[in-house]
Amino acid sequence: MSASIPAQVRIVEVGARDGLQNEAIDIGTAAKIELIDRLSRTGLRNIEATAFVSPKWVPQMADAAEVLAGITQAPGVSYPVLVPNEQGYARALAAGAREVAVFTAASETFNRKNTNAGIDESLQRFTPVLARAKADGVKVRGYVSTVLGCPYQGEVPLADVVRVARSLHVMGCYEISLGDTIGVGTPGKARAMLQAVAAEVPMDALAVHFHDTYGQALANLLACLEEGVGVIDSAVSGTGGCPYAKGASGNVASEDVVYMLDGLGVRTGVDLGALADTGRWLASLLGRETSSRVGKALGSR
Ligand code: HMG
Ligand code: MG
């Protein structure tokens, strides 16, 4: 194990939100609640539950309040929810959220397609969200999308990634997740991107978020772990994509990440067997095999 890989990594499970928001089959509110409750029993400490976005834009998340009300919140587990604006924050707070995540992008065009706002306009939208969250004692995470490429613009300058990540950090987001939304990154580029951001934002306030479109996600993660990142976003069963990024495939599967980290001797506190069972159960609801290679292998033993 490389000396610089952290001894412990925190996994932010995003399957119930980033996974399900882009699945053709809607598994229904009761199954979403069961999914989150099952995930709560695997040892995960951060489980993104849903998104209080416009139901016209993302119909799969229209039941956000019901999902949040229906889950059994386990002690010590955080259930962040996505909010795009003050209206989303108000809905989330009314539904009982104690942690929210705001999201913008390093690419102007992607951000317009995703949120009907330019990057600076979206940052302005977050100002009242951060202010209210501070007063309410609600934690705020921040996402930067398209950090390694944009479906509309192509190459994304590193300086743009750094600027947006720094802005979210300065605004008060406790953690910034750097998202390769369309999964085009490769390890050298992922490492260089993380190094550039970490020169401006402390590494312990950074997370990485890979999609596996080109099968590079685990390799990218390893490169970022070697740089010292200690927080990884992933989705059980490798579900998902992004509704405003055509061709973006699923998130890196949580089972695959935990298997790799277990093998590296990195502690996650997550029970791989329970996670893989949940992944295969979710895949069966979606009418297919799990996208996790590890989940598949463990299921056939
Ligand atoms: P807009 O149409 O410009 O909104 O959408 P608006 O302010 O003009 O309002 C229009 C209507 O939407 C109004 O209703 C509002 O009340 C309503 P009407 O009067 O027409 O009946 N509205 C809302 N309703 C519910 N909840 C809200 C809300 N806000 C307004 N929060 C908006 C702007 C940002 C709302 C919209 O573009 C949106 O919801 N976008 C979200 C898209 C999304 O969820 N994308 C996926 C998540 S990002 C992602 O996956 C990437 C990530 O995983 C990291 C990575 O991989 O890179 C995080
Ligand atoms: Mg994503």
Side-chain angles (χ1 to χ4, degrees), residues 6 9-10 12 14 17-18 46 48 51-53 78 80-90 92-93 97-150 153 155-181 185 189-210 224 227-233 242:
V9 158
R10 183 158 53 81
V12 178
V14 297
R17 192 280 304 170
D18 202 358
N46 298 77
E48 201 172 69
F52 288 86
V53 296
S78 185
V81 298
L82 230 58
V83 300
N85 52 18
E86 213 178 341
Q87 186 175 340
Y89 178 80
L93 196 75
R98 300 308 303 156
E99 177 172 345
V100 299
V102 293
F103 55 103
T104 183
S107 143
E108 191 71 17
T109 316
F110 175 81
N111 205 51
R112 286 188 187 282
K113 302 269 187 193
N114 197 32
T115 64
N116 205 18
I119 297 168
D120 289 339
E121 193 185 344
S122 69
L123 292 171
Q124 281 160 21
R125 282 180 184 171
F126 302 155
T127 305
V129 172
L130 266 295
R132 287 181 62 175
K134 193 172 180 191
D136 296 332
V138 168
K139 288 174 81 177
V140 185
R141 195 172 196 244
Y143 279 104
V144 187
S145 288
T146 61
V147 298
L148 291 170
C150 166
Q153 174 187 317
E155 291 279 322
V156 173
L158 275 187
D160 294 349
V161 180
V162 174
R163 179 180 82 86
V164 178
R166 190 180 44 217
S167 299
L168 290 173
H169 178 63
V170 169
M171 287 177 91
C173 294
Y174 79 94
E175 185 168 283
I176 320 298
S177 174
L178 302 166
D180 180 12
T181 316
K189 287 185 181 168
R191 186 191 300 275
M193 181 278 298
L194 182 62
Q195 279 172 342
V197 177
E200 303 274 340
V201 180
M203 188 66 91
D204 63 8
L206 295 176
V208 285
H209 177 117
F210 289 106
C224 292
E227 290 303 311
V229 82
V231 185
I232 292 174
D233 296 359
C242 178

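Counting begins at 1 with the first residue of the sequence.
None of K113, Q153, R112 except one satisfies the side chain to side chain donor-acceptor pair (under 3.5 Å) rule with S107; the exception is Q153.
Separation of atoms CZ (F110) and CD1 (I119) is listed at 11.0 Å; rounding is to 0.5 Å. Atoms CG and CZ, on D120 and R163 in that order, are 4.5 Å from each other to the nearest 0.5 Å. The distance from atom CE of M193 to atom CG of L148, rounded to the nearest 0.5 Å, is 4.5 Å. We find the CG-NZ distance between L158 and K189 to be 10.0 Å, quoted to the nearest 0.5 Å. In this structure, CE on M203 lies 8.0 Å from SG on C224, to the nearest 0.5 angstrom. Remark: Y174 OH to L168 CG distance equals 13.0 Å, nearest 0.5 Å.
Residue D180 comes nearest to V147 through the heavy atom pair N-CG2, 3.9 Å, listed as atom of the first residue, atom of the second, then distance. Between F126 and F103, the closest heavy-atom pair is CZ-O, 3.1 Å. When all heavy atoms are compared, the tightest approach of P6 to V229 is CG-O, 3.2 Å. Residues R125 and P84 come closest through the heavy atom pair CD-O, 4.0 Å. Summarising the geometry of V144 relative to A105, their closest heavy-atom pair is CG1-C, 4.0 Å, with the distance given to 0.1 Å. Considering every non-hydrogen atom in both H169 and I176, the closest pair reads N-CD1, 3.6 Å.
At a threshold of 4.5 Å between non-hydrogen side-chain atoms, the residues V102 and M171 do not count as touching. Counting only heavy atoms from C-beta outward, the side chains of N46 and E175 never approach each other to under 4.5 Å. Put simply, the side chain of P80 does not reach to within 4.5 Å of the side chain of R141, judged on heavy atoms.
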| message | Assess the residue pair T104 and T115 against the criterion (side-chain contact (heavy atoms from CB on, under 4.5 Å)); give the C-alpha distance rounded to whole Å, side-chain angles, the decisive distance to 0.1 Å, and a yes or no. | response | CA-CA 8 Å; T104 183; T115 64; over 6 Å; no

| message | Run E86 and R132 through salt bridge (Lys or Arg N to Asp or Glu O under 4.0 Å) and show every step you take. | response | CA-CA 9 Å; E86 213 178 341; R132 287 181 62 175; 3.3 Å; yes

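With hydrogens and angles ignored, the 3.5 Å screen pairs a side-chain donor or acceptor of T181 with a backbone N or O of T146. A side-chain donor-acceptor contact under 3.5 Å links N111 to the backbone of A117.
Side-chain atoms of Y89 and D136 include a donor-acceptor pair closer than 3.5 Å.
Figure legend: R17 and Y143 shown as a cation-pi pair, the cationic atom lying under 6.0 angstrom from the six-membered ring centre and within 45 degrees of its axis.
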